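Read the numbers this way: they start at 1 and go in the same order the structure lists the ligands and their atoms. Worth saying up front: this structure is predicted, and the values here are computed from it rather than measured. All heavy atoms count here, side chains included; hydrogens, waters and symmetry mates do not.
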Amino acid sequence: MTKKLIAGNWKMNGGLDANQALVLELLAGIGQPACDVAVCPPAPYLGQVQLLLAGSKAVELGAQDVSRHESGAYTGDVSAAMLKDFGVRYCIVGHSERRQHQAESDVHVALKVQRALAAGITPIVCVGETLREREEGMTEFIVKRQLSAVVHLNGHCISEIVVAYEPVWAIGTGQTATPSQAQQVHAVLRAQLKAATEHAERVRILYGGSMNAANAAELLAQPDIDGGLIGGASLKAPDFLKIVAAAG
Ligand code: PGA
């Protein structure tokens, strides 16, 4: 069975002192987790967190975004090769906050996935519907459309990705999808992956959206929920550690 993955998405939070305190507290409490664990700090702190994690096998480094371009005149972008230089193992791609605020399209997301894979970085590809789309009964259509763009461009190595189902209405709202709501969408995504690769069972499909210490165990017990992408609760070491323990 594939190991579960718990990834912390720090978003645009933290600073040198806060990062150090958080990582040291995580390392002090984590022991030998049964699942894979990653933290995704903002890009300027990747070097700092890489050094803090050096020597730890328990926690790996992730980034929150990657350029869809390889190199060159793209002011402000950070390439996959640059992330790789700092020991980045995972990269969140297509988070709904980027789709919404940075106008990232399905095609942009697919290109970013391609860049990450080419650099040997595992993309964590986010998909998810807005509240309005859910209310209009479009959830399946939306998540399938978002994933199919990624499959279309990266079909040959699609089993190398991680998918994160993050209903937009559940992100940062405290309103979590129920375990059965989440499982239903995860099953749809699994079926879509099965049509693209014989290794679909190996692809980890994470749930994200107000996952916390109290609700993690029940979500992670669902057959197609293979881990979590954790925002708010990843900034508090005790909460994040409880979620890691729930994934054991
Ligand atoms: P949240 O964020 O846990 O704060 O809802 C999850 C995410 O956006 O990845």
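When heavy-atom distances to ligand 1 are checked against a 4.0 Å cut-off, I171 comes that close through both its backbone and its side chain. If you look at C126 next to ligand 1, there are no close heavy atoms at all, none under 4.0 Å.
Side-chain polar atoms of Y45 and Q50 form no donor-acceptor pair below 3.5 angstrom. With 3.5 Å as the limit, one finds no donor-acceptor pair spanning the side chains of Q64 and H95. A donor atom on one side chain and an acceptor atom on the other are found under 3.5 Å apart for R89 and T122.
Distance from atom 4 (O) of ligand 1 to its nearest protein heavy atom, with residue and atom name: G232 N, 2.8 Å. Ranking the protein heavy atoms by distance from atom 9 (O) of ligand 1 puts E166 OE2, 2.7 Å first.
Ligand 1 is approached by G172 to a heavy-atom distance shorter than 4.0 Å.
One finds a salt bridge joining E201 and K194 here, because a Lys/Arg side-chain nitrogen approaches an Asp/Glu carboxylate oxygen to under 4.0 Å.
Taking any N or O of H95, backbone or side chain, at least one lies under 3.5 Å from an N or O belonging to ligand 1. Geometrically, ligand 1 and G209 share no nitrogen or oxygen pair separated by less than 3.5 Å. Residue contacts with ligand 1: G231 is placed with a nitrogen or oxygen under 3.5 Å of a nitrogen or oxygen of the ligand (distance criterion only). Inclusion of S210 in the set of residues having an N or O under 3.5 Å from an N or O of ligand 1 is warranted.
Close contacts of ligand 1 with A170, meaning ligand atoms under 4.0 Å from a residue heavy atom, involve 5 (O). Close contacts between ligand 1 and L229 involve ligand atoms 6 (C), 9 (O) [criterion: under 4.0 Å to a heavy atom].
Applying the 6.0 Å contact sphere to CD of E218 captures no more than 12 heavy atoms from other residues, nucleotides or ligands.
When hydrophobic clusters are built by joining Ile, Leu, Val, Met, Phe, Trp and Tyr residues whose side-chain heavy atoms come closer than 4.5 Å, directly or via intermediates, I171 is not grouped with M211.
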Distance-only donor-acceptor hits, side chain of residues 224-235, under 3.5 Å, sequence neighbours excluded:
| residue | atom | partner | partner atom | Å |
| --- | --- | --- | --- | --- |
| D224 | OD1 | R190 | NE | 2.9 |
| D224 | OD1 | R190 | NH2 | 3.4 |
| D224 | OD2 | Q183 | NE2 | 2.8 |
| D226 | OD2 | R190 | NH2 | 2.7 |
| D226 | OD2 | I205 | N | 2.9 |
| S234 | OG | I230 | O | 3.2 |
| S234 | OG | G231 | O | 2.7 |

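Annotation: ring pair (Phe, Tyr, Trp, His ring centres under 6.0 Å) contacts involving residues 61-92, sequence neighbours excluded, comprise H69-Y74.
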